[in-house]
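Take a look at the structure below.
Below, read A as the first sequence line, B as the second, and so on, with proteins coming before strands; counting in each chain starts at 1.
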Amino acid sequence: MSDLRRVVITGMGMVSPLGVGVEHNWNAIANGKSGIKKIEHFEVSDIKSQIAGVVPTTKDETPTDGAFNADLYMLPKDQRKVGIFIVYGMAASQEAVEDSGWAPTDDESLERTGVLIGSGIGGLDEIYKTSLLMNERGPRRVSPFFVPACLINLISGHVSIRYGFKGPNHSVVTACATGTHAIGDAARLIALDDADVMVAGGAEGAVCRLGVAGFSAARALSTHYNDTPDIASRPWDEGRDGFIMGEGAGAVVLEEYEHAKARGAKIYGEIIGYGLSGDAYHITSPAENGDGGYRAMKAALKRAKLNPENIDYINAHGTSTITGDAMEFAAVKRMFDGSLDSLSMSSTKSAIGHLLGAAGAVEAIYSTKAIQTGILPPTLNLENLSENCQGIDLVPKVAKEKSVTTVMSNSFGFGGTNASLIIRAI
Amino acid sequence: MSDIADRVKKIVVEHLGVEEDKVAEGASFIDDLGADSLDTVELVMAFEEEFSIEISDEAAKDIQTVGDAVSFIKDNADE
């Protein structure tokens, strides 16, 4: 966004099926760990897909191995008033804000700090359970906290209340593109001088009976790997058969470059490109040849004033669906036709599943870690390349060392909504 | 009646996340125990559930303290 104010990342936080914390996550992902498991916390025996990326939990006050203790992020009495997606969002935001070192107390700074966190679905389990309760017991038993427990923008609301951030308070709902749109839109708010600092990202907690049944009915989920969950997510592999639902949250602190420099903040990277497009094609299937994804990537490159050959690594949408993977692959091939030899692309969904509205945020963080560490996260379970997915380095099975300075992160959502971010080393 | 008071206290502790000794008879849900207006709605629902009674919106308005709740329940519960 070079004609506008420059925007950099100064804090990162996440909760994923691999656990809590960016460092914990990165170590796990770089070592090829999988967070996908058999669903055990609700009944799935009558649902075709029975696996998911589930956040590991604990009640331990000093959790080990990245286990998530919700009490460390929200008082138990307050947890009862929110959907789990909000708790995940609070946890990721807390890590990101602490990581950034941004802790203003003066009015002006607080008014120049905003929050833009989205979710694909919001409080689905609350809607499900409250509907059952109302059906059984009538409307008088519906909790006064039901509505604010479900509303997607309430992640941004809770984060602003906790930290006193009085700048733009906004949210995004674009299904599986939510996290990417949230970061891109928040960056624009800073670029356009509506805020100096934004906490941005996505959160999802829809791994519940209704959620799995719904995506299963849409024939979107993997069904052949119920007994071998860790090999179920296999983007671009011949044996792929649908995505695996995941849950968690990712949050970044975005900051105007001079603002970050002036306070001596550590800077992870710069958001230099953001592109958006619509398919205008079908509610769940991507457009022919991944045309929408292609145009989102093209728009991001245009905004970044880069040529395709400048991109070193793509963190793909790569959900492990038969059509989606092939379409994205075709779009990338078309976009990067002249530089396929120097390009690497991988899908971290192979390790954590599809975090829906949180996916783009978590993946933007993984992409940024690739810049920082010079390690590209692997595409797990890529044993036999699909015939229509040949000709790009997809970092099969194990992480690889490669120095990268400019990375792209793609997200595409139901409804035909596409977003692409470009992050560069600084 | 102490049974009713204990059960009310337990509900208040659980829902408002306050220390048990703060839940005195005269304690106001909003002024002393940190509840907001939605918390008080939920508290009333919890009392209805626990004591199998119905508390009208009009009656609920007058239940401002722990003692108010105990005496309303005492007057209206069958048990």
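- The minimum heavy-atom distance between Arg140(A) and Glu54(B), with the atom names listed, is NH2-CG, 3.4 Å.
- In the displayed structure, His170(A) atom NE2 is contacted under 6.0 Å by at most 12 heavy atoms of other residues, nucleotides or ligands.
- Pairing each heavy atom of Glu48(B) with each of Arg141(A), the nearest pair is OE1-NH2, 3.5 Å.
- Counting all heavy atoms, side chain and backbone alike, Met45(B) lies closest to Pro144(A) at SD-CD, 3.6 Å.
- Residue contact with chain A, scored on non-hydrogen atoms closer than 4.5 Å, involves the backbone and the side chain of Glu49(B) alike.
- Of the two parts of Ile55(B), only the backbone, made up of N, CA, C and O, holds a non-hydrogen atom closer than 4.5 Å to a non-hydrogen atom of chain A.
- At most 12 heavy atoms of other shown residues, nucleotides or ligands fall within 6.0 angstrom of atom NZ in Lys22(B).
- Of the atoms belonging to Arg137(A), it is side-chain heavy atoms, and not backbone ones, that fall under 4.5 Å from chain B.
- A distance of 5.5 Å separates CZ of Phe145(A) from CG of Asp36(B), quoted to the nearest 0.5 Å.
- Note on Lys77(A) versus Asp39(B): no salt bridge recorded, every NZ/NE/NH1/NH2 to OD/OE distance being 4.0 Å or above.
- More than 12 heavy-atom neighbours from other residues, nucleotides or ligands sit within 6.0 angstrom of CG on Asp60(A).
- Within the 4.5 angstrom heavy-atom criterion, only backbone atoms of Val142(A) (N, CA, C, O) approach chain B.
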